[in-house]
Amino acid sequence: MSHSTTTTWDGGGLPFGVSWQKLMMWLFIVGDAILFASFLAGYGFLRLANPNWPDSGQIFHMSLIGTMTFVLISSSATMAAAVGASRAGQREKATRLVWLTALGGAIFLGMQAYEWSTFIHAGARLSTNPWGVPLFSSCFFVITGFHGTHVASGVLILALTAWRNSTGKASAEGVELAGLYWHFVDLVWVFIFTFFYLV
Amino acid sequence: MNHSRTYWLTWLALLGLTLVMILIGSAPLPKSAMLVLILCGMTVKAGLISANFMHLRFERLSLVATVVASTVFVVVFLYFLIAIDGQWVQLSTVR
């Protein structure tokens, strides 16, 4: 396969079996995953260290959170379908599906904005909240805020990808890399949903 | 190469698991049983997303090992080094 005389691990081939672009995306995702893991570990520490941590079931509206999760998971599915269509050379179908994914992300952001404004109207701030331990709202705003920022940048990336794909500039791999990032945002939400809202 | 069937099945599985996890969260179960079930559901969901949506099951072992092993190592490390320590802080401050 390789024209080089050196072996794979000497730089003669593709040690990871993927292009460098895809490898870099994966390494970025690992780094970003560790960022969120650190946030959640810090949150776990603070929650375990405070005996009167507020009961999340009393504060969060699970119907809203469930709908947000539903929308994000569905947008991940349309993205997977977009990558499949893009690989199969169905450019127009892929563009439509990427737009649909971006729409899902925008709806998620809208619902999160609603959740945040409800919280802020109830008197929650970064350093204080009406439910007790001040660190509760600090964790809430920082963790969901960082995730929301990832969703927002993801929507931007998806919109750019859809536009570039419609004009024929984006390669199938370009769509796939945007997809990897989008699935990662969904993956992070699985953990935030579990540890912040359910448990 | 058409994986669209896998995608829609994965989508359904993820939605089903989410629903079950929400139901378990509000069910009258002992806290420990609830925790185990919910964490299992979470792990399965994470596995489905990374394997099927992120195509990790079609990648070479070197990439899978690099990505999964390093992340899992850091997560376990952070949990035992930081998160779980909160319990000891609580025990030592309550008294």
Side-chain angles (χ1 to χ4, degrees), chain A residues 8-9 14-18 22-23 26-27 29-31 33-34 36-38 40-51 56-57 62-63 65-66 69-70 73-74 76-81 83-85 87-88 176 179-180 182-184 186-191 193-195 197-199, chain B residues 1-4 6-8 10-12 14-15 17-19 21-22 24-26 31 34-35 38-39 41-43 45-46 48-50 52-56 58-64 66-68 70-71 74-75 77-94:
Chain A
T8 298
W9 285 100
L14 299 168
F16 294 95
V18 292
K22 198 164 161 183
L23 180 63
W26 268 112
L27 294 183
I29 285 174
V30 169
I34 290 170
F36 279 103
S38 312
L40 286 173
Y43 155 73
F45 174 88
L46 294 172
R47 185 170 163 174
L48 287 173
N50 283 286
S56 56
M62 278 317 285
S63 50
I65 308 303
T69 309
F70 171 84
I73 288 174
S74 304
S76 221
T78 55
M79 190 68 225
V83 173
R87 271 188 179 169
E176 192 184 343
L180 273 179
W182 191 252
H183 296 313
F184 167 71
D186 185 32
L187 187 63
V188 168
W189 183 254
V190 168
F191 292 93
F193 173 72
T194 304
F195 288 118
Y197 295 100
L198 271 188
V199 172
Chain B
M1 204 163 74
N2 191 1
H3 299 300
S4 58
T6 319
Y7 295 148
W8 298 118
T10 309
W11 177 65
L12 283 178
L14 288 172
L15 288 185
L17 274 169
T18 306
L19 208 63
M21 280 165 74
I22 293 176
I24 290 173
S26 55
K31 186 84 185 169
M34 188 190 101
L35 214 59
I38 285 182
L39 292 187
M42 178 193 79
T43 312
K45 274 171 78 177
L48 281 173
I49 293 175
S50 43
N52 291 339
F53 281 173
M54 299 173 97
H55 293 167
L56 222 44
F58 307 109
E59 301 296 0
R60 189 181 285 184
L61 184 63
S62 58
L63 181 71
V64 179
T66 305
V67 168
V68 177
S70 52
T71 312
V74 173
V75 167
F77 193 71
L78 282 173
Y79 176 74
F80 283 106
L81 207 71
I82 297 177
I84 212 160
D85 246 15
Q87 266 178 329
W88 302 109
V89 173
Q90 185 184 139
L91 288 176
S92 55
T93 47
V94 162

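Every heavy atom of this structure was used, including side-chain atoms; hydrogens, water molecules and symmetry mates were not. Worth saying up front: this structure is predicted, and the values here are computed from it rather than measured. Here is the naming used below: chain letters follow the sequence lines, and residue numbers restart at 1 for every chain.
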Scanning both residues in full, the closest heavy-atom pair of Met34(B) with Val199(A) reads CE-CA, 4.5 Å
Check: Val18(A) and Arg60(B) side chains under 4.5 Å, non-hydrogen atoms = no
Would you say the side chain of Phe195(A) lies within less than 4.5 Å of the side chain of Met42(B), judging by non-hydrogen atoms?
-> yes
Whatever's closer than 4.5 Å to a heavy atom in chain A on Trp8(B) counts as side chain
Go through the atoms of Leu39(B) and report whether side chain, backbone, both or neither lie under 4.5 Å from a heavy atom of chain A.
-> side chain
Can you tell which of Leu15(B), Val75(B), Leu14(B) has the highest number of heavy-atom pairs within less than 4.5 Å of chain A?
-> Leu15(B)
Search all heavy atoms of Pro15(A) against all heavy atoms of Ser62(B) and return the closest pair with its distance.
-> O-OG, 2.9 Å
Side chain, backbone, both or neither: which part of Ile22(B) has a non-hydrogen atom closer than 4.5 Å to chain A?
-> both
So how far is it from Leu187(A) CG to Lys45(B) NZ, rounded to the nearest 0.5 Å?
-> 10.0 Å
Residue pair Phe193(A) / Thr18(B), side-chain heavy-atom distance below 4.5 Å = yes
Out of Ala77(A), Gly42(A), Ala37(A), Ala49(A), which one racks up the most heavy-atom pairs below 4.5 Å with chain B?
-> Ala49(A)
Hey, are the side chains of Val89(B) and Phe45(A) touching, using non-hydrogen atoms and a 4.5 Å cut-off?
-> yes
Among Val67(B), Leu19(B), Thr71(B), which has the most heavy-atom pairs under 4.5 Å with chain A?
-> Val67(B)
Using non-hydrogen atoms only, which part of Glu59(B) is less than 4.5 Å away from chain A: side chain, backbone, both, or neither?
-> side chain
Contacting region of Thr69(A) [heavy-atom separation from chain B under 4.5 Å] | side chain
Where does Val74(B) contact chain A at under 4.5 Å (heavy atoms): side chain, backbone, both or neither?
-> side chain
State, to 0.1 Å, how close Ser70(B) and Val30(A) come at their nearest heavy-atom pair, and which atoms those are.
-> OG-CG1, 3.9 Å
Taking C-beta and beyond as the side chain, do His55(B) and His183(A) meet within less than 4.5 Å on heavy atoms?
-> no
Heavy atoms, side chains only, cut-off 4.5 Å: are Gln90(B) and Asn50(A) in contact?
-> no
Over all atoms of both residues, closest heavy-atom pair of Phe191(A) and Ala46(B) | CZ-CB, 3.7 Å
About how many Å separate OG of Ser38(A) and CG of Leu78(B), when rounded to the nearest 0.5 Å?
-> 5.0 Å
Return the minimal non-hydrogen interatomic distance between Met21(B) and Leu198(A), and the atom names on each side.
-> CB-CD1, 3.7 Å
Tell me, for Ala81(A) versus chain B, whether the close heavy atoms (under 4.5 Å) come from the side chain, the backbone, both or neither.
-> both
When heavy-atom pairs shorter than 4.5 Å are enumerated against chain B, which of Gly179(A), Ala33(A), Ser74(A) gives the highest number?
-> Ser74(A)
Leu27(A), Ile73(A), Leu14(A): which one forms the most heavy-atom pairs within less than 4.5 Å of chain B?
-> Ile73(A)
Side chain, backbone, both or neither: which part of Leu56(B) has a heavy atom under 4.5 Å from chain A?
-> side chain
Taking every heavy-atom pair that is under 4.5 Å apart, which of Leu48(A), Leu40(A), Ile29(A), Leu46(A) has the most such pairs with chain B?
-> Leu48(A)
Quick check: are there more than 12 heavy atoms from other residues, nucleotides or ligands sitting under 6.0 Å from CZ of Phe77(B)?
-> no
